[in-house]
Amino acid sequence: MSTVFDRVRQILVDLLGVNETQIVPATSFTELSVDSLDLVEIVIRIEDEFAGEYESGGKKFEISDEQAKNIATVNDAVAYLKSMGLEDR
């Protein structure tokens with residue numbers, strides 16, 4: 001079973017080149033030395049990863065800049081995705 005957390009963690013491992021053991025739900029993006037450009041790339045990769053599973057009347061899955069500002073930890077990202085109806089698979 002692939003969880004939302006596992007998938008977000010893999011995005012961060014691939015993008016940032018960190019070891020997956022460094023990433024737990026409470027890990028902040030600051031701890032991972034994520035800068036604003038990294039955050040934009042993380043958001044894009046999350047949108048791409050979960051786009052096919054999001055259903056909202058034909059609307060494209062998108063994380064707004066305002067929503068992205070509220071995501072400071074891995075758990076924030078997972079909680080946001082789950083609040084949008086995305087589930088572990």
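Throughout, numbering of the chain's residues begins at 1 and tracks the sequence.
- Summarising the geometry, atom CD belonging to Glu41 is positioned 11.5 Å from atom CG belonging to Leu12; distances are rounded to the nearest 0.5 Å.
- Between Asn70 atom CG and Asp65 atom CG the span is 11.5 Å, to the nearest 0.5 Å.
- Hydrophobic clustering keeps Leu39 apart from Ile44 (ILVMFWY residues linked when any side-chain heavy atoms are closer than 4.5 Å, directly or through intermediates).
- Listed here is the closest heavy atom pair of Val8 and Ala77: CG1-CB, 4.4 Å.
- Sorted pairs that involve residues 29-38 and meet salt bridge (charged side-chain N to carboxylate O under 4.0 Å, His left out), not counting sequence neighbours, are lacking altogether.
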Return all side-chain donor-acceptor pairs below 3.5 angstrom for residues 81-89, not counting sequence neighbours, or 'none' if the list is empty.
{"unit_1": "Ser83", "atom_1": "OG", "unit_2": "Tyr80", "atom_2": "O", "d": "2.6"}
{"unit_1": "Asp88", "atom_1": "OD1", "unit_2": "Val4", "atom_2": "N", "d": "2.8"}

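- Within the structure, side chain to side chain donor-acceptor pair (under 3.5 Å) contacts touching residues 7-24 (residues at least two apart or in different chains) are Asp6-Arg9, Arg7-Glu49, Arg7-Glu53, Gln10-Asp14, Asn19-Thr21.
- Considering Ile11, Ile63, Ile71, Asp48 as possible partners of Val43, the one that fulfils the side-chain contact (heavy atoms from CB on, under 4.5 Å) test is Ile63.
- Linking Ile, Leu, Val, Met, Phe, Trp and Tyr whenever their side-chain heavy atoms come within less than 4.5 Å leaves Phe61 and Val40 in two separate clusters.
- Residues Val74 and Val24 share a closest heavy-atom pair of CB-O, 3.7 Å.
- Distance alone, capped at 3.5 Å, is enough to place a donor-acceptor pair between the Asp76 side chain and the Thr73 backbone.
- Summarising the geometry, atom CG belonging to Leu15 is positioned 5.5 Å from atom CD1 belonging to Ile42; distances are rounded to the nearest 0.5 Å.
- The line from CG of Leu16 to CD1 of Ile23 is 7.0 Å long, rounded to the nearest 0.5 Å.
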